[in-house]
Amino acid sequence: MEQGKLLVFSAPSGSGKTTIVKHLLSIEELNLEFSISATSREARGDEEHGKDYYFISLEEFKQHIKDGDFLEWEEVYRDNFYGTLKSEIERIWAKGKNVIFDIDVAGGLRIKRRYPTETLAVFVKPPSIDELKIRLKIRSTESEDKINMRIAKASVELATAPQFDMIIKNYDLDVAKQDAYLLVKEFIG
Ligand code: 5GP
């Protein structure tokens, strides 16, 4: 099977990586398809099964772990599991496309280690932890408790930025989108 490239975008929750990933997906010449992760968390807002995530039960998730179906998985927050199914990459590569991931820092680095030459691992950096708090509050899809959990994790994640191939500073979204486009375009050649 012809192997495409893997574009990993990782960042603390609220950094704007999802917006950047969606922007890249809209650019046809990049020939990207989104890696749909499996998760045991509930769908929020207008999220759809099979589009944003494969929403599965905790039991089902644990069965996939046992069966060795995941390329990587993480308990990103307590009882909230997220993982990339091996079949997802095979599905996308079989179509002759490049795979783009919106996943957490640990998962992103794991994919880079597994596929060092095929992967471009990009860290999206928020202006500051305070700004991150404001963004998560504006998004207001989670409770105060969950927001605090995400902020606590963000400080740890920020420390891993130097392990990525590239860092994009998301101080201005339009600039960040353009930076991301240029990086991906150059990498896929
Ligand atoms: P959210 O609940 O906001 O959709 O995602 C929470 C975190 O889990 C985000 O950082 C998101 O990128 C990450 N995530 C989503 N899918 C995966 C995955 O397949 N593997 C890993 N390791 N993290 C993921």
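Counting starts at 1 for both ligands and their atoms, following the listed order. Sequential numbering from 1 along the given sequence is applied to the chain's residues. Just so you know, these numbers use all the heavy atoms, side chains as well, and skip hydrogens, waters and symmetry mates.
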Shortest protein contact, [atom] (heavy atom only):
{"atom": "atom 9 (C) of ligand 1", "result": "K17 NZ, 3.7 Å"}
{"atom": "atom 2 (O) of ligand 1", "result": "Y82 OH, 2.5 Å"}
{"atom": "atom 7 (C) of ligand 1", "result": "V76 CG1, 3.9 Å"}
{"atom": "atom 20 (N) of ligand 1", "result": "E72 OE2, 2.7 Å"}
{"atom": "atom 3 (O) of ligand 1", "result": "R150 NH1, 2.8 Å"}

Using a 3.5 Å cut-off and no angle test, enumerate the donor-acceptor pairs between side-chain atoms of residues 173-185 and protein atoms at least two apart in sequence or in another chain.
| from | atom 1 | to | atom 2 | distance (Å) |
| --- | --- | --- | --- | --- |
| Y181 | OH | E29 | OE2 | 2.7 |

(message) For S10 versus V105, what's the shortest heavy-atom pair and its separation?
(response) CB-CA, 3.9 Å

(message) Which heavy atom of I111 sits nearest to which heavy atom of F101, and what is that distance?
(response) CD1-CE2, 3.6 Å

(message) Can you check which of I36, V8, L136, D104 brings a heavy atom nearest to atom 13 (C) of ligand 1?
(response) D104

(request) Would you tell me which option among A38, G14, S37 has the nearest heavy-atom contact to atom 19 (O) of ligand 1? (result) S37

Sub-4.0 Å atoms of ligand 1 with respect to non-hydrogen atoms of [X]:
{"X": "E74", "answer": "22 (N)"}
{"X": "T84", "answer": "19 (O)"}
{"X": "R44", "answer": "1 (P), 2 (O), 3 (O), 4 (O)"}

(message) Considering both backbone and side-chain atoms of R41, is one of its nitrogen or oxygen atoms within less than 3.5 Å of a nitrogen or oxygen in ligand 1?
(response) yes

(message) So for ligand 1, is E47 a polar contact partner (N or O within less than 3.5 Å, distance only)?
(response) no

(message) Can you tell me which residue among I151, L136, L132, D104 is in a side-chain contact (heavy atoms from CB on, under 4.5 Å) with P12?
(response) L132

(request) Decide whether F81 and L85 are clustered together by the hydrophobic rule: side chain heavy atoms of Ile, Leu, Val, Met, Phe, Trp, Tyr closer than 4.5 Å, transitively. (result) yes

(message) Check for me whether G83 has a heavy atom closer than 4.0 Å to any atom of ligand 1.
(response) yes

(message) Heavy-atom pairs closer than 4.0 Å: do any link ligand 1 to the side chain of Y53, the backbone, both, or neither?
(response) side chain

(message) Classify the ring geometry of H49 against Y54: parallel below 30°, tilted from 30° to 60°, perpendicular beyond 60°.
(response) perpendicular

(request) Name all residues meeting the side chain to side chain donor-acceptor pair (under 3.5 Å) criterion together with E33; count only those two or more places apart in sequence or in a different chain, and write none if there are none. (result) R91, K95

(message) Here's one to test your reading of the geometry: is the NZ or CZ of K146 within 45 degrees of the ring axis of Y77 and under 6.0 Å from its centre?
(response) no

(message) Any donor-acceptor pair under 3.5 Å linking the side-chain atoms of N170 with those of S15?
(response) no

